[in-house]
Amino acid sequence: MDQSLAHDSNSTRDRLSHLLSYLESGLIERRRAVRLTLLAALAGEHSLLIGPPGTAKSELARRLHTVFANARYFERLLTRFSVPEELFGPLSIKALEEDRYERHTAGFLPDASIAFIDEVFKANSAILNALLTLLNEREFDNGAGREQCPLISVVGATNEVPEDEVAEAFFDRFLLRVPVEPVSRDGFAQLLDTAHKADWTAPPAALRLDADALTALTRQAAAVTLPHAASTILAELREHLASLQACVSDRRWVKTVWLLRMAAACEGRTAVALWDLLLLPWCTAPDAARQAAVGTWLQTRIGVNARFSPPRLTRVVEAFEAQLDTELKANDLDYDASGRLRFSATELADEVGDAKGGAGALRMRYSRQRRYGARHIAARTAQIDDLIRRIAGYAEELAAQRQNLALYRSTSLWLESELADRVDANLTAVAEALSGLHQRAAATREGFTRLPRLPEGEDHGTAPEPVAVPLQHDA
């Protein structure tokens, strides 16, 4: 990569974009893992890579520490035989001689800025409990005192999600859970091609983030606002997950919103965008299957106004269509000018098989198609005109959302293309459904204007009651 890029970076977003290019260089199908672990680190959170060995998890963590200036890196593979000394440093002999229980932490996890802990859940409960304090508070209990730790982020790795209580508490400390799979069939040839290429080059020092840059970014994130539309979707997702017995802790929601604010700040925005919520699957669900379910839930709601959802509008349009059908089929008793019911000849022979011709006898014609006054028709068309205007307005709102998504995609550092494609496809489907409903509403309006009319002098009716729309919850 051209070293002059470091000097051309005149904004945080550009700088991070260049850093991401360095991190992703030579890694096949690891874009999501790279970007999420970097975002977690910028937010001061920890990420967990879930996947089989040999999927570049440790390589990703080693690269991550080069993003930060003067960052110390620590890496360790844990087993069930691992002892605290391997992570936290050996005991100080001199301190023991003075009846103090202290460790030499220099060069170990309490001294690290970025750490990679492989097979993290294979540690015993004593190590996991010590890690809990270090991950949460950036402090390490060393003898009688507490040591402040420069830890920015821990990247953990595991083959499977834990189930025991202690490990679950530790699992909850990783805000982002990122499944990592072997490269796909399509990416395999590219993987083989990159294996023999030159070693990876770390970002130049001028491009790396120092303490001042991180402090400035944190200050910007703290000023980012959370719009009502975004907080509403967060609340709905919380209830949805609770209904599935998949509760997310309050602490995790708070940390998630901070991550969203950091994502916005990295791109120079002052408010969380709706599309930032597409980061939620990795914050709220523990594994790939449930993350996919959250992604599906989000794609049907982000950018779609529930009040104007196609199912709801379809019920409204169907109510008008049913009303038109009822009014077209309605009959009234038919009187002549003298006030008596009319009689007429009606041929029924073909219908009843009347061989004697009785079906053609004079019969009383007791009803005729109902006719409507101008006031009635005007009221009906006014009602459906309001519906047509609302559908048209929502179609415009939807078009604006799609345009906004396209603009967001062109600048976002964190958005995943696959999820964005699914959201855009959903918005397109909703737009097509609205177009169809608009046409049906227009046809129904035309039907109201063609209702049989009363003679002008006989129009003594009143405006009808508005069409009743059944109130149901959307599926």
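All values reported here derive from a predicted model rather than from experimental measurement.
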Leu437 vs Val316 side-chain heavy atoms within contact, under 4.5 Å: no
Tell me the closest heavy-atom pair linking Ala264 and Asp276, and the distance in Å. CB-OD2, 4.2 Å
How many angstroms lie between atom OG1 of Thr225 and atom CZ of Arg269, to the nearest 0.5 angstrom? 10.5 Å
What is the minimum heavy-atom distance between Thr411 and Arg13, and which atoms define it? O-NE, 2.6 Å
One should read off an interatomic distance between Ser21 OG and Leu19 CG, to the nearest 0.5 angstrom, of 8.5 Å
Quick one: is the NZ or CZ of Arg62 closer than 6.0 Å to the six-membered ring centre of Phe116, and within 45° of its axis? no
Do Asn136 and Arg173 get their side chains close enough for a donor-acceptor pair, meaning under 3.5 Å? yes
Between atom OG of Ser113 and atom CD1 of Ile152, what is the distance when rounded to the nearest 0.5 Å? 5.0 Å
Closest heavy-atom pair and its distance - Leu27, Ala56: CD2-CB, 4.2 Å
Side-chain donor-acceptor pair present, Tyr101, Asn142, cut-off under 3.5 Å: no
Side chain to side chain, Phe68 and Leu214, heavy atoms closer than 4.5 Å: yes
Polar side-chain atom of Thr79 near backbone of Phe81 as donor-acceptor pair, under 3.5 Å: yes
So ring pair (Phe, Tyr, Trp, His ring centres under 6.0 Å) across residues 125-163, not counting sequence neighbours, yields Phe88-Phe140
Is it true that Arg422 and Thr296 share a donor-acceptor pair across their side chains at a distance under 3.5 Å? yes
Salt-bridge criterion met for Asp385 and Arg389 (N-O under 4.0 Å): no
What's the separation between atom OH in Tyr73 and atom CG in Leu64, rounded to the nearest 0.5 Å? 8.5 Å
The test is side chain to side chain contact (heavy atoms under 4.5 Å, CB included); show your working for Arg32 and Val178 and say whether it passes. CA-CA 8 Å; Arg32 176 197 297 171; Val178 188; 4.3 Å; yes
Please determine whether a side-chain nitrogen of the Lys or Arg among Arg238 and Asp250 lies less than 4.0 Å from a carboxylate oxygen of the Asp or Glu. yes
Run the side-chain donor-acceptor check on residues 395-402: report pairs under 3.5 Å with partners two or more places apart or on a different chain.
unit_1: Arg402; atom_1: NE; unit_2: Asp424; atom_2: OD1; d: 3.3
unit_1: Arg402; atom_1: NH2; unit_2: Thr428; atom_2: OG1; d: 3.0

Point-to-point distance, once rounded to the nearest 0.5 Å, from OG1 of Thr37 to CG of Leu49: 6.5 Å
Find out whether Glu137 and Arg146 are in side-chain contact, i.e. whether some heavy atom of one side chain is under 4.5 Å from a heavy atom of the other. yes
Set out, in order, the CA-CA distance, both residues' side-chain angles and the distance that settles salt bridge (charged side-chain N to carboxylate O under 4.0 Å, His left out) for Glu85 and Arg103, then state yes or no. CA-CA 8 Å; Glu85 283 73 12; Arg103 296 183 183 277; 3.2 Å; yes
Just how far is it from atom CZ of Arg76 to atom CG of Leu87, taken to the nearest 0.5 Å? 6.5 Å
Only pairs at least two apart or in different chains count here, so list each ring pair (Phe, Tyr, Trp, His ring centres under 6.0 Å) that has a residue in residues 209-237. none
Nearest heavy-atom neighbours spanning His46 and Leu135: NE2-O, 3.0 Å
Determine the minimum heavy-atom distance between Leu259 and Ala40, stating which atoms define it. CD1-CA, 4.0 Å
Let me see the working for Leu176 and Glu45 under side chain to side chain contact (heavy atoms under 4.5 Å, CB included), right down to the final yes or no. CA-CA 8 Å; Leu176 288 167; Glu45 295 298 337; over 6 Å; no
Can you check side chain to side chain donor-acceptor pair (under 3.5 Å) on Thr55 and Lys57, steps first, answer last? CA-CA 6 Å; Thr55 48; Lys57 298 190 293 294; 3.2 Å; yes
Looking only at side-chain N and O atoms, does Thr133 offer a donor or acceptor that is under 3.5 Å from a partner on Glu139? no
May I ask you to say whether Arg72 pairs ionically with Asp111, meaning some side-chain N is under 4.0 Å from a carboxylate O? yes
Strictly distance-based, threshold 3.5 Å: is any side-chain N or O of Arg63 a donor or acceptor partner for the main-chain N or O of Ala202? no
Side chain of Trp414, backbone of Leu39: donor and acceptor closer than 3.5 Å? no
Looking at Asp141, Leu151, Val154, which one forms a side chain to side chain contact (heavy atoms under 4.5 Å, CB included) with Leu134? Leu151
Does Ser412 reach the main-chain N or O of Tyr408 with its side chain, forming a donor-acceptor pair under 3.5 Å? no
Heavy-atom side-chain contact between Thr284 and Arg252 under 4.5 Å: no
Counterpart residues, ring-ring contact (aromatic ring centres under 6.0 Å, His included), relative to Tyr394 (two or more places apart): Phe308
Has Arg177 got a side-chain atom pairing as donor or acceptor with Trp282's backbone, closer than 3.5 angstrom? no
Considering only NZ, NE, NH1 and NH2 on the basic side and carboxylate oxygens on the acidic side, decide whether Lys255 and Asp172 come within less than 4.0 Å. no
Is it true that a side-chain atom of Trp200 and a backbone atom of Tyr22 form a donor plus acceptor pair closer than 3.5 Å? yes
Sequence neighbours excluded, the answer for ring-ring contact (aromatic ring centres under 6.0 Å, His included) partners of Phe74 is none
Strictly below 4.0 Å, N to O, side chains only: are Arg35 and Glu24 in salt-bridge contact? yes
The salt bridge (Lys or Arg N to Asp or Glu O under 4.0 Å) partners of Glu318 (sequence neighbours excluded) come to none
State, without any angle test, whether Glu75 and Ser58 hold a side-chain donor-acceptor pair at a distance under 3.5 Å. no
Would a distance-only check, ignoring hydrogens and angles, find a side-chain to backbone donor-acceptor pair under 3.5 Å from Glu98 to Ala95? no
So does Cys266 get a backbone contact from the side chain of Thr12, meaning a donor-acceptor N/O pair under 3.5 Å? no
Checking side-chain polar atoms at under 3.5 Å, does Asp14 have a donor or acceptor matched by the opposite partner on Ser11? yes
If the threshold is 4.0 Å, N to carboxylate O, is there a salt bridge linking Arg31 and Glu416? no
Over all atoms of both residues, closest heavy-atom pair of Ala319 and Ala468: CB-O, 3.6 Å
